[in-house]
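Sequence lines set the chain letters: A, B, ... in the order given, protein chains first and strands last, and positions in each chain run from 1.
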Amino acid sequence: MTDLALVIVGTVLVNNLVLVKFLGLCPLLGASQRLETAAGMSLATAFVLTLAAAASYLLDTFLLQPFELGYLRIISFILVIAGAVQFTELLVRRLSPLLHQVLGIYLPLITTNCAVLGIALLNARQTDSLLTAMASGLGAGLGFGLVMILFAGLRERLETATVPATLKGPAIALLTAGIMSMAFLGFSGLTRA
Amino acid sequence: MNAAMAAELRRAPHLRTPVSVPVLMRRVLYALVPALLAYTWFFGFGLVFNIAAAVAAALATEAACLRLQRRPIAIALSDYSAVVTGVLLAFALPPLTPWWITALGSTFAIGVAKHAYGGVGNNVFNPAMAGYVALLVSFPDQLTNWLPPRMGDIDYEGIGLLANLRFMLSGGLPDGYTLDALTRATPLDLMQTELGDMRMVAEIRNSSLFGDFGGRGWEWIGNFVALGGFWLLFRGVIRWHIPVGMLGGLVLSASLFYLYDSANFPSPGFHLFSGGALLCAFFIATDPVSAATTDRGRLIYGAGIGVLTYLIRTWGSFPDGVAFAVLLMNMTVPLIDRYTQPVAYGTREPRS
């Protein structure tokens with residue numbers, strides 16, 4: 001149990017997907033204009049991440065490794081992720097048509113979110129049980145959500161700041177993400193134990 | 001109501017004195033003087049040179065940024081906000097920091113953390129702490145050049161005023177001196193490394209670097225920082241919410257773990273009087289621009305800094321977490337402000 005908690009803390013804070021591993025930067029910039037959108041996006045991505053982490057772990061352990069098909073890893077993981085995203089899209093459309101409309105193209109684009117594939121591939125290298133795989137997927141999703149929501153809040157505030165014309169928009173957003181990433185370095189070493 | 005009373009009616013902001021940004025910033029600088037004197041007494045003139053380098057670079061960067069944007073330079077330079085940023089950054093740096101590192105941090109603080117966001121009043125992150133963290137992650141080695149406090153019985157090879165200046169300018173030391181012999185771990189640093197080596201708190205505190213609560217010398221500086229802080233509170237430059245929240249968060253989390261296992265977790269007093277805790281609580285976290293703006297929000301913001309500081313000091317790999325904690329809580333400010341807005345008068349259901 002402590003192990004799982006450490007995995008989650010580690011992936012949320014210490015090895016934060018976005019700010020430390022620099023994965024999933026496109027949705028960070030694309031879907032963070034408003035807080036509500038960002039929250040919906042985070043929820044959807046966290047769900048996909050957990051699902052895809054579990055599914056790709058099972059696929060890897062029971063199919064790819066026994067038959068020594070490691071070279072098919074990337075392509076088969078992408079297939080699994082695409083499936084998970086389709087499932088999530090159906091779910092979102094059913095549960096919240098409004099959110100489905102708001103997220104628009106970004107929802108199917110979770111398929112190409114490097115974060116999802118990144119976690120699946122990292123798990124294939126590091127993880128030794130289904131639970132840890134799911135925990136790291138969930139932790140990564142929570143970490144992504146945390147950064148998305150904080151970032152969306154900051155961007156709403158930046159709307160009213162008198163940012164110089166040259167730096168308006170994506171430039172100041174990336175600069176902000178950079179300073180956030182620096183601040184997250186403070187968490188390094190937290191899960192040494 | 002008689003006529004004389006009616007004439008006294010005034011509309012909302014009942015300001016008694018025209019307190020402007022320059023006045024506030026100057027008061028912050030005055031409040032830092034006791035701390036500066038105590039600091040110089042215990043650690044020599046390094047801080048004075050740090051301040052000179054940091055403030056010069058801050059003012060130069062401020063002027064350059066304003067020039068690039070074709071905005072008036074003289075007014076912005078005379079509001080003292082760049083000076084305060086430079087001084088606070090200088091306080092965070094060790095006495096033996098090469099001048100170009102100090103200047104670089106100051107330039108980053110003003111150029112990136114302040115002017116990229118639109119200058120005074122618009123910065124999302126605390127400029128001084130953004131500059132310090134940028135230095136800390138870029139030059140970790142140079143930022144450990146702390147000296148032992150001048151206490152008499154601590155074996156101390158003082159570094160003179162000129163030698164200190166020479167080191168900061170050129171990196172050279174007088175014959176017979178080495179950096180390793182001169183510098184000493186800070187109490188926080190020592191505590192962290194030794195605890196990592198499985199030693200007990202009581203054992204570690206036997207070192208001559210430790211005083212009643214925190215490090216010797218350091219706790220005295222802490223007292224003078226707090227003195228300046230109380231003066232700021234008294235003059236109404238800052239309000240009590242952030243200092244109380246920050247110190248409360250730090251002391252409360254430290255007490256919890258201290259009561260749980262006092263052999264492995266140092267006392268709350270140690271945390272209070274070590275590193276930048278007091279300076280942060282009164283001078284850094286209270287930056288009116290990057291902090292939360294509602295009263296409840298300020299308490300939450302301060303408490304968050306305190307708890308994160310404890311977290312990073314105790315389990316992180318950096319000895320002091322104050323700067324990181326401030327930046328991390330700066331990120332949460334828009335959300336805190338959003339969810340702690342006081343209910344507007346008249347919108348609540350009337351109580352029956």
Side-chain angles (χ1 to χ4, degrees), chain A residues 5-6 9-10 12-14 16 18-20 28 32-36 38-39 42 143 145-193, chain B residues 65-66 68-71 108-109 111-113 115-127 129-138 140 192 196 289-290 308-309 311-339:
Chain A
L6 270 182
V9 172
V12 174
L13 299 178
V14 185
N16 188 287
V18 186
L19 294 180
V20 180
L28 180 76
S32 63
Q33 256 87 2
R34 294 194 52 233
L35 196 59
E36 287 75 16
S42 318
L146 176 71
V147 175
M148 275 293 275
I149 288 172
L150 291 176
F151 195 65
L154 287 174
R155 280 191 91 168
E156 283 188 0
R157 198 183 146 176
L158 286 179
E159 298 277 295
T160 59
T162 56
V163 178
T166 8
L167 290 171
K168 274 222 157 66
I172 195 73
L174 280 171
L175 205 64
T176 308
I179 299 185
M180 288 172 79
S181 160
M182 243 168 41
F184 261 68
L185 280 179
F187 288 123
S188 64
L190 225 53
T191 47
R192 243 174 334 194
Chain B
C65 289
L66 290 166
L68 279 175
Q69 299 172 66
R70 300 200 179 77
R71 283 162 60 180
F108 184 88
V112 178
H115 273 287
Y117 289 89
V120 71
N122 287 304
N123 49 301
V124 169
F125 297 100
N126 184 312
M129 289 301 102
Y132 177 66
V133 166
L135 291 183
L136 194 59
V137 299
S138 318
Q192 197 185 41
V289 181
S290 57
L308 283 174
T309 300
L311 190 81
I312 294 172
R313 275 183 181 180
T314 311
W315 293 284
S317 44
F318 288 95
D320 202 352
V322 163
F324 291 106
V326 170
L327 289 189
L328 288 167
M329 287 313 286
N330 281 162
M331 293 178 207
T332 65
V333 162
L335 293 183
I336 294 180
D337 276 352
R338 189 186 171 112
Y339 292 110

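Checked against side chain to side chain contact (heavy atoms under 4.5 Å, CB included), B:Ile312 has the following partners two or more places apart in sequence or in another chain: B:Phe324, B:Leu328.
B:Tyr132 does not touch chain A: none of its heavy atoms, backbone or side chain, sits under 4.5 Å away. Looking at A:Leu35, the atoms closer than 4.5 Å to chain B (heavy atoms on both sides) all sit in the side chain, from C-beta outward. Only the side chain of B:Val333 comes within less than 4.5 Å of a heavy atom in chain A; its backbone stays farther off. With a 4.5 angstrom heavy-atom cutoff, B:Leu311 touches chain A via backbone and side-chain atoms both. Of the two parts of B:Asn330, only the backbone, made up of N, CA, C and O, holds a non-hydrogen atom closer than 4.5 Å to a non-hydrogen atom of chain A. Neither the backbone nor the side chain of B:Ala325 comes within contact range of chain A; no heavy atom of the residue lies under 4.5 Å from a heavy atom of that chain. Using a 4.5 Å cut-off between heavy atoms, B:Val120 does not touch chain A at all.
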Atom pairs and distances, side-chain donor-acceptor, residues 161-187 of chain A, under 3.5 Å, sequence neighbours left out:
residue	atom	partner	partner atom	Å
A:Thr162	OG1	B:Gly118	O	3.2
A:Thr162	OG1	B:Asn122	ND2	2.7
A:Lys168	NZ	A:Val163	O	3.0
A:Thr176	OG1	A:Ile172	O	2.6
A:Thr176	OG1	B:Tyr117	OH	2.8
A:Ser181	OG	A:Leu19	O	2.9

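Interface check for chain A: of the options B:Gly321, B:Ala130, B:Ala134, B:Gly121, the most heavy-atom pairs under 4.5 Å are formed by B:Ala134.
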